[in-house]
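Worksheet: one structure, shown below.
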Amino acid sequence: MNAVTYPQDNPHLWFTQLRAIIGIELGRVLFTSRATAIYVVAAVPIILLTTVGYIDNPRTGGPITGNIANARYAFAVIYAGFLLGTMVFLGSASLFISLFRGEILDRSLHYYLLSPVRREILAAGKYLAGLIASIGLFGTVTLVCYLLLYLPYGVSQMMSDFSSGPAARELTLYLLTTVFACIGYGAVFLLLGLFFRNPIFPILVLIGWELMHFILPPALKMISVVHYLKGIMPPQPWRGPIAVVMASPPAAVCMLALTGLTAVALILTVLRLKRIELRYTDS
Amino acid sequence: MTRGNDAIEISGVSKFYGEVLGVNRVDLTVMPGITGLVGPNGSGKSTLMNLIAGLLTPTKGTISILGLTNREPQLLYQHIGYCAQVDSFPPRMTGRQFLINYLRVHGFDKRSAAHLAHEALTRVSLLATADRRIDGYSKGMRQRIKLAQSICHQPRVMVLDEPLNGLDPMARAEIIDLFLELATGGAHILVSSHILHEVDLISDRVVFLSNGYVVAEGDVQGIQGEIKHHPIQIRICSEAAPVIAARVFDLPDVVEARLHDDRRNVFVRTRNADRFFLAFNQMIMDHPWTIEAVSPVDESVEAVYQYLVADEPVSQ
């Protein structure tokens, strides 16, 4: 028996396996009914900003935001409050948690667990698939929303801001923030999907913690993801009289911190995966 | 690559789910061939299969498959194929994609994966519908695609939980032939089934489970031989059945003789079949009876199982 020769000597075996896992998972996260909620959440800011772009100020007859500086300020509020705080957070939660939890509920995880693949590669494949999907989707939404700011101000204003104004830098920072949000939140949610039968409770706790971030004392701010994301994004809007102001570390430190958090979460994911048990029985 | 060991070794394995017993103190050595796992719901069959497949970790004891354990999944799962009882698949895949995708996860290049998938689909007679989505498959087709997935990488150990469920008689016969062919090739095939006569038909040996314990193991006739107090039922077909029914009580170890309604068959229960046959042969020579057939009627897995677990409460 076993006439099959396993490609053990292939130095690129891990890469073949990784690519296969990413392919399967991308199909699962982007093209199944589960993805509908993510697409809906992603579409909301685009619809909102498109609508705002076409609404005129009834008093001046011009754009409702008045001028492009106000529009940028409005975008900063929308980005911090909705795009990052809701779309990327909830979208990443839905997407990354389903990578393992969805398969456990569907009872199809055993197809992976019974494959001769290292658990590290399995975790990496699923994480990268989630990352590609989330960055592709939420990065595109961030880009489109930023460009929609210019809808009432025209292409010439946009070209001018991108060539000599702050737009290129701002957009890059917003995109970087979205990317690092996907990286950080993604790793945390991937891990939560392996630990919690019902992940709603930990998601609520986490979103509560992240939303309250601005009133947390400095020591506690440091153990929230959004604290480090703020260090990457452009200057944020004022948070109100009860906000506890604390400067975020430099962007490079923030990126390093988020990478560290991701590494820890992924290591825990692999350790959990090595011990996971599946009980398939109808009795 | 295995570790020079051709057996599945299960040593002192217990599995508890909290305080609920899955299996307890199981010691088994499974050699190549077909091994049937028999037991009612809740007897521990699926738990034992999941333990062997490495989906569960024993609370106590060790399991070694061809010298490998599930601490090295990248080696172990080259040799294990598992057909789960649950009927679930990744969404939106055709049968062929399903096999190819997971063969790619095994590390095969596209060409080898496509070739192995084609071979497996042929073996389970699913080529004609291989390019249809699994979501639209019938119960029998889903069962066959699960089987194809479990054998497509040509493993040496196949753990098949109720693999004949949902198959029509023709498909059952085909799949049983496939098992026999694979076993002849040297594979270890562990099959559980609630259709006992099928296990009886295909298994080289059977393992009886009840309430999480292995209550007996071996070949059916061997087990029966070891059960000294288990009366074996023998059918005697003769025109002289009514007379025989009256006279067999003179023979040693006969505990019951029952004349069938057709008055041509007598069912005799004896505690020692060998002694009964010797004595009955002598009786035939002394009488002018025409005997059409003498055969044991309950050397089936079911009969042995009923005997073994009849008095034990069955947990669900």
Side-chain angles (χ1 to χ4, degrees), chain A residues 1-35 98 102-122 125-126 273-283, chain B residues 1-2 17 22 32 40-43 45-47 49-50 53-57 70-82 84-93 98 101-109 112-113 116 149-150 152-156 161-162 182 185-187 315-316:
Chain A
M1 274 301 288
N2 214 17
V4 170
T5 308
Y6 261 85
Q8 285 299 305
D9 298 332
N10 178 0
H12 305 299
L13 174 64
W14 67 271
F15 185 67
T16 307
Q17 294 180 319
L18 192 68
R19 215 168 45 174
I21 295 166
I22 291 172
I24 295 171
E25 294 307 312
L26 277 178
R28 196 196 300 268
V29 297
L30 290 179
F31 303 111
T32 57
S33 54
R34 280 215 176 105
S98 74
E103 279 212 275
I104 292 170
L105 293 176
D106 289 347
R107 296 179 153 207
S108 61
L109 186 59
H110 65 286
Y111 293 118
Y112 277 129
L113 295 186
L114 296 174
S115 297
V117 58
R118 288 182 187 279
R119 299 314 183 222
E120 292 85 347
I121 294 172
L122 176 55
K126 283 196 170 256
L273 205 49
K274 285 186 174 182
R275 290 163 186 269
I276 196 167
E277 292 197 336
L278 295 180
R279 188 183 172 197
Y280 287 142
T281 172
D282 61 353
S283 53
Chain B
M1 185 183 72
T2 58
Y17 305 105
N41 282 344
S43 61
K45 293 192 307 290
S46 290
T47 296
M49 291 200 139
N50 289 341
L55 291 174
L56 295 175
T57 306
N70 69 349
R71 286 168 192 260
E72 302 166 290
Q74 69 279 14
L75 294 178
L76 175 69
Y77 293 120
Q78 292 178 13
H79 305 288
I80 294 186
Y82 176 68
Q85 199 181 119
V86 293
D87 202 20
S88 53
F89 301 90
R92 296 173 63 90
M93 279 191 198
F98 172 56
N101 279 344
Y102 284 95
L103 282 164
R104 298 276 290 144
V105 175
H106 278 239
F108 292 104
D109 59 43
S112 306
L116 289 170
Q149 200 274 333
S150 66
C152 63
H153 56 293
Q154 299 179 4
R156 289 175 58 192
D161 203 351
E162 305 273 1
L182 292 168
S315 67
Q316 293 295 318

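Reckoned from all heavy atoms, side chains included, excluding hydrogens, waters and symmetry mates. First the proteins, then the strands, lettered A, B, ... as listed; each starts at 1.
- Interatomic distance, A/Glu103 CD to A/Leu278 CG, rounded to the nearest 0.5 Å: 10.0 Å.
- With a 4.5 Å cut-off on non-hydrogen atoms, B/Leu76 does not touch chain A at all.
- A salt bridge between B/Glu72 and A/Arg118 is absent, with no side-chain N of the basic residue lying under 4.0 Å from a carboxylate O of the acidic one.
- A/Ile276 touches chain B through its backbone: at least one of N, CA, C or O sits under 4.5 Å from a heavy atom, while the side chain does not.
- With sequence neighbours excluded, the residues that form a ring pair (Phe, Tyr, Trp, His ring centres under 6.0 Å) with B/Phe98 are A/Tyr111, B/Phe89, B/Tyr102.
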One pair to check against side-chain hydrogen bond (donor to acceptor under 3.5 Å, both in side chains): B/Thr47 and B/Asn50. What are the steps and the verdict? CA-CA 5 Å; B/Thr47 296; B/Asn50 289 341; 5.9 Å; no
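- Contact annotation for B/Met93: only side-chain heavy atoms (C-beta onward) come within less than 4.5 Å of a heavy atom of chain A.
- At a 4.5 Å heavy-atom cutoff, B/Leu103 makes no contact with chain A through either its backbone or its side chain.
- For A/Phe31, the parts sitting under 4.5 Å from any heavy atom of chain B are the backbone and the side chain alike.
- Among A/Leu18, A/Leu114, A/Leu113, the residue making the largest number of heavy-atom pairs under 4.5 Å with chain B is A/Leu114.
- Of the inter-residue distances, the one linking A/Arg28 atom CZ with A/Ser98 atom OG reads 8.5 Å to the nearest 0.5 angstrom.
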